[in-house]
Amino acid sequence: MRIAILTSGGDAPGMNAAIRAVTRTCIYEGIEVFGISGGYEGLIDAKFEKLVQSSVADIIQRGGTILSTSRSERFMTEEGLEKAINSLKIFEIDALIVLGGDGSLCGAKMLRDRGVNVIGIPCSIDNDLAYTDFTIGFMTAVETVTEAVSHIRDTTEAHGRANVVEVMGRDCGDIALYSGVSSGAESIIVPEIPLDINEIAEKAIMGKNRGKKHHIILMAEGCGSAFDFAEEFQKLTGIDTRVTVLGYIQRGGAPSIFDRILASELGYLAVKEAKAGRSLALGFKDGKAISRDFDEIFEVKKVFRKDLLDILKTVSI
Ligand code: F6P
């Protein structure tokens, strides 16, 4: 049997740990394993390389992806899709394992619909796939943001300022929500909840009146301009307000322990499912690894953790 693996879309810490788990499980099972470089672009151009034990040595702790990644527009065309399927035929691949987020798993489903055996492993810092509690890379991003906010808080407090920290997540507020709770931010702004700037401003003024010397607002990138918000907030509160756009710092770095374990678990399960001839998207639900049909995963609606937001509002005053 032959399995190929690719990483697609935005990289996420833990992708390498998953590549390692897939490769080593394949070798253990006597399956030949090939790495495709550059995501679906590399699949179209048949950039396959055989992976051996040592190909994945010393990578469990590294961010990024040793296979490189891309956001492929060609793959979305009929011609690109056909070429991709043809590459798999040329290399006599029995199953493809795709590591990536929303768009990448959508691509995996397109291949599945054309008769390719595909396993999807959810990897994205955004945590925007509803069928799984967590995507690989999300918890690491939350840790990175939490660490960054503790630095920002020091200088914000020293000057008696407010700081609006813009975080990634595309249309999903999970990075802002979880790191808001873990960093003790005073307020968060997420796409899932309508913005009430007066509520945030009142909270800041009350804090200032009590002698509080900092006010941290975590703003998800899907909520518009952090600079515009900061300007209005400063006008309403009279508090000197700065903006920090954390950007790509959130996507790199060593994966957290949680992400390494999740990646190892799902990488291992991916090979087992592929060996059994199944085409499925893997995930993590209620503390357990799960396998779901590709048709199901895009039907589920993401539920925002309003309970976590309530906790933040209660304890971060
Ligand atoms: O999907 C991960 C992500 O980092 C999003 O949070 C962000 O909006 C996007 O990718 C940035 O994409 P790019 O790397 O193409 O600029």
Side-chain angles (χ1 to χ4, degrees), residues 6-19 37-42 62-76 98-109 120-149 164-180 182-183 185 188-192 218-227 229 243-256 258-259 262-263 266 281 283-284 297-298 302 304-305:
L6 62 81
T7 51
S8 163
D11 55 292
M15 274 182 163
N16 280 329
I19 295 167
S37 63
Y40 288 122
E41 284 289 302
R62 279 164 55 190
T65 159
I66 58 159
L67 293 176
S68 312
T69 185
S70 65
R71 300 192 190 277
S72 175
E73 283 181 17
R74 278 197 298 160
F75 186 71
M76 291 302 159
V98 173
L99 272 60
D102 198 15
S104 310
L105 295 197
C106 203
K109 181 181 179 299
I121 300 183
C123 297
S124 168
I125 61 164
D126 298 343
N127 207 35
D128 56 352
L129 283 158
Y131 78 96
T132 179
D133 287 345
F134 297 110
T135 50
I136 294 167
F138 168 68
M139 278 303 184
T140 305
V142 169
E143 286 188 15
T144 304
V145 172
T146 305
E147 178 66 20
V149 169
V164 182
V165 182
E166 185 191 289
V167 297
M168 280 185 166
R170 211 179 283 270
D171 301 320
C172 180
D174 277 14
I175 296 181
L177 174 66
Y178 282 73
S179 34
S182 63
S183 66
I188 62 161
I189 302 170
V190 291
E192 294 85 348
L218 287 193
M219 181 166 176
E221 64 177 353
C223 293
S225 162
F227 291 93
F229 173 85
V243 175
T244 309
V245 178
L246 285 184
Y248 294 96
I249 195 167
Q250 293 159 92
R251 227 160 66 179
S256 66
F258 177 84
D259 280 327
L262 183 58
L266 298 190
F284 186 73
I297 66 168
F298 298 108
K302 175 109 182 142
F304 182 71
R305 291 278 313 268

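In listed order, ligands and their atoms are each counted from 1. Just so it is clear, the structure is predicted and the values come from calculations on it, not from any experiment.
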Shortest heavy-atom approach to atom 8 (O) of ligand 1 - which of Q250, R170, E221, M168:
E221
Between the candidates D128, D126, T135, which shows the shortest non-hydrogen contact distance to atom 2 (C) of ligand 1?
D126
For I125, counting its heavy atoms only, list the atoms of ligand 1 lying under 4.0 Å from any of them.
4 (O)
Close-contact set for ligand 1 against Y248 heavy atoms, below 4.0 Å:
13 (P), 14 (O), 16 (O)
Any side-chain heavy-atom pair from I19 and T65 closer than 4.5 angstrom?
yes
Any side-chain heavy-atom pair from D102 and S124 closer than 4.5 angstrom?
no
T144 and Q250 side chains, donor-acceptor separation under 3.5 Å:
no
Within the 3.5 Å criterion, strictly below it, is a donor on S182 or T146 matched to an acceptor on the partner's side chain?
yes
Would you say G169 touches ligand 1, if touching means a heavy atom closer than 4.0 Å?
yes
Do K302 and D128 meet the salt-bridge criterion of a basic N to acidic O distance under 4.0 Å?
no
Salt bridge between E221 and R170, side-chain N to carboxylate O under 4.0 Å?
no
Please list the nearest protein heavy atom to atom 11 (C) of ligand 1 with its residue and the distance rounded to 0.1 Å.
R251 NH1, 3.6 Å
Starting from atom 15 (O) of ligand 1, which protein heavy atom do you reach first, and at what distance in Å?
R71 NE, 2.9 Å
When you compare ligand 1 with S124, is there at least one nitrogen or oxygen pair between them that comes in under 3.5 angstrom?
no
